[in-house]
2 protein chains.
Amino acid sequence: MYELFFEHFTKKVALTKEEEQQIQTYLTPKKLRKKQYLLQEGDVCKAIAFVEKGVLRQYSVDEAGNEHILQFALEGWLISDLYSFLTGEPASYHIDALEDSELVLISQTAHEQLLTNVPKYETFTRLTITGAYIAMQRRLTSIISLPVEERYMGLTSLYPDIVQRVPQHMIASYMGLTPETLSRIRRRLSSQ
Amino acid sequence: MYELFFEHFTKKVALTKEEEQQIQTYLTPKKLRKKQYLLQEGDVCKAIAFVEKGVLRQYSVDEAGNEHILQFALEGWLISDLYSFLTGEPASYHIDALEDSELVLISQTAHEQLLTNVPKYETFTRLTITGAYIAMQRRLTSIISLPVEERYMGLTSLYPDIVQRVPQHMIASYMGLTPETLSRIRRRLSSQ
DNA sequence: CCGTTTCATTGATTTAAATCAATGCTTTTT
DNA sequence: AAAAAGCATTGATTTAAATCAATGAAACGG
């Protein structure tokens, strides 16, 4: 338990055994069945979740009822509605499991106490969010500057596991396309 | 000099006069004329820039030579090619001034030393990047889920100063549209 | 101050994606 | 095992945006 979490943590910031023990007391394991919600829009986001096993998605639903996937999270990724988590405001996203999943949760109070009691946790947080920020900037750049075909190819080469494990219509949603359009793009790409 | 920088800093993390003095020694002022580059694609990004006065833009150029604006930075904003700054890899973005501007620069070595010598700088950094991350997530959500009209209205209400000070075709580029399309959207919106 | 560039707008046309609709296949559920 | 639900694909049609082209206005630089 928590193996993957600490593996990722120590890849960013080295920890002594004692620090690892200390941090562990702030963590809570949680299992989620496929289709189960971790968070629903309107509720306050109570935790940052680290994925030990499985896949989650974060998405919003528009007035027409269409889902728009903002993010997937596989093993080793963190997922949360950060704004809601940090401010206590109602969440604007849903988060649910696409497969049976195992999570490590960091609650709001745990987060605050970790920040004050474990300096390395702040460093971990800073580095993690920085990496996520850079990745998202790249994604945004590709959205506003690349043709869809190249965006799809980029996705498959950067995150082949996502493309494999997630239904295609959700990939389409993540890319801001309809399932039909993505299907046709794939056909065009494979016939070349 | 540095007034706005410390105003923004202390809004996130309170500082004593001594700490402020100490941090100041790591900062460098820089002026940029309109159209001047702060960074060119391929160069290594040597600094994080805080805008004391003026407007900058960060953009990439595709094979066809089209510019795609990723971000604007007005007074009080930070701008940089973070990936290049942190890794020393060549930058994938250009950054230049849209008006005569005054900046506060934090060099790579200054950044590292501040992180180790001034704990509050790490907190400032973490909070800043977290805010930027949340803002970008919102932008991404609106791109994949809202019709362009609403995206433009959202932009004008959230950042009226950007829409006022920046040429319209650059707003179009920021939105991933052609200038003609944005012009027509504006007409549709104004005629209602 | 005048010529040049930059910029926004508008129209006509082409191109790309969304929508509507139907089908067959696979996976769940009962 | 059978029924239902979820999913990917394909075709026909509509809709939205890009492209091409031209014009007038504003800003800018020498």
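In what follows, every chain begins at residue 1, and chains take the letters A, B, ... in the order their sequences are listed.
Ring centers of Tyr59(A) and His68(A): at least 6.0 Å apart, outside the cut-off. Aromatic ring centroids of Phe124(A) and His8(A) lie 6.0 Å or more apart.
For the pair Gln168(A) CD and dT26(C) C1', the computed distance is 14 Å after rounding to whole Å. Distance Tyr152(B) OH to dA8(C) P: 10 Å, rounded to the nearest Å. Across the protein-nucleic acid pair, Leu98(A) atom CG and dT28(C) atom P stand 13 Å apart, rounded to whole Å. Look at NE2 on His169(A): it is 15 Å from P on dA18(C), rounded to the nearest Å. Rounded to whole Å, the distance from CD on Glu149(A) to P on dA17(C) is 6 Å. We find that CZ of Arg187(B) is positioned 21 Å from P of dC7(C), with the value rounded to whole Å. Taking atom CD1 of residue Ile143(A) and atom P of nucleotide dA17(C), one finds them 14 Å apart after rounding to whole Å. Computed from coordinates, the Arg186(A) CZ to dT10(D) P distance equals 10 Å when rounded to whole Å.
For Arg184(A) against dT19(C), a side-chain-to-base donor-acceptor contact under 3.5 Å is present.
Residues of residues 170-183 of chain A that place a heavy atom closer than 4.0 Å to DNA chain C, in numerical order, are Gly176(A), Leu177(A), Thr178(A), Glu180(A), Thr181(A).
Here Leu103(A) is tied into one hydrophobic group with Leu32(A), Leu38(A), Leu39(A), Val51(A), Leu56(A), Ile79(A), Ile95(A), Leu105(A), each link being a pair of ILVMFWY side chains closer than 4.5 Å.
Of the charged side-chain nitrogens involved, at least one lies within less than 4.0 Å of a carboxylate oxygen, so that Arg165(B) and Glu75(B) count as a salt-bridged pair. Using a 4.0 Å cut-off between a side-chain N of Lys or Arg and a carboxylate O of Asp or Glu, Asp96(B) and Arg57(B) qualify as a salt bridge.
Nearest nucleotide to the Lys35(A) side chain, out of dA8(D), dT9(C), dG6(D): dG6(D).
Not counting sequence neighbours, Arg186(B) has no partner by the salt bridge (charged side-chain N to carboxylate O under 4.0 Å, His left out) test.
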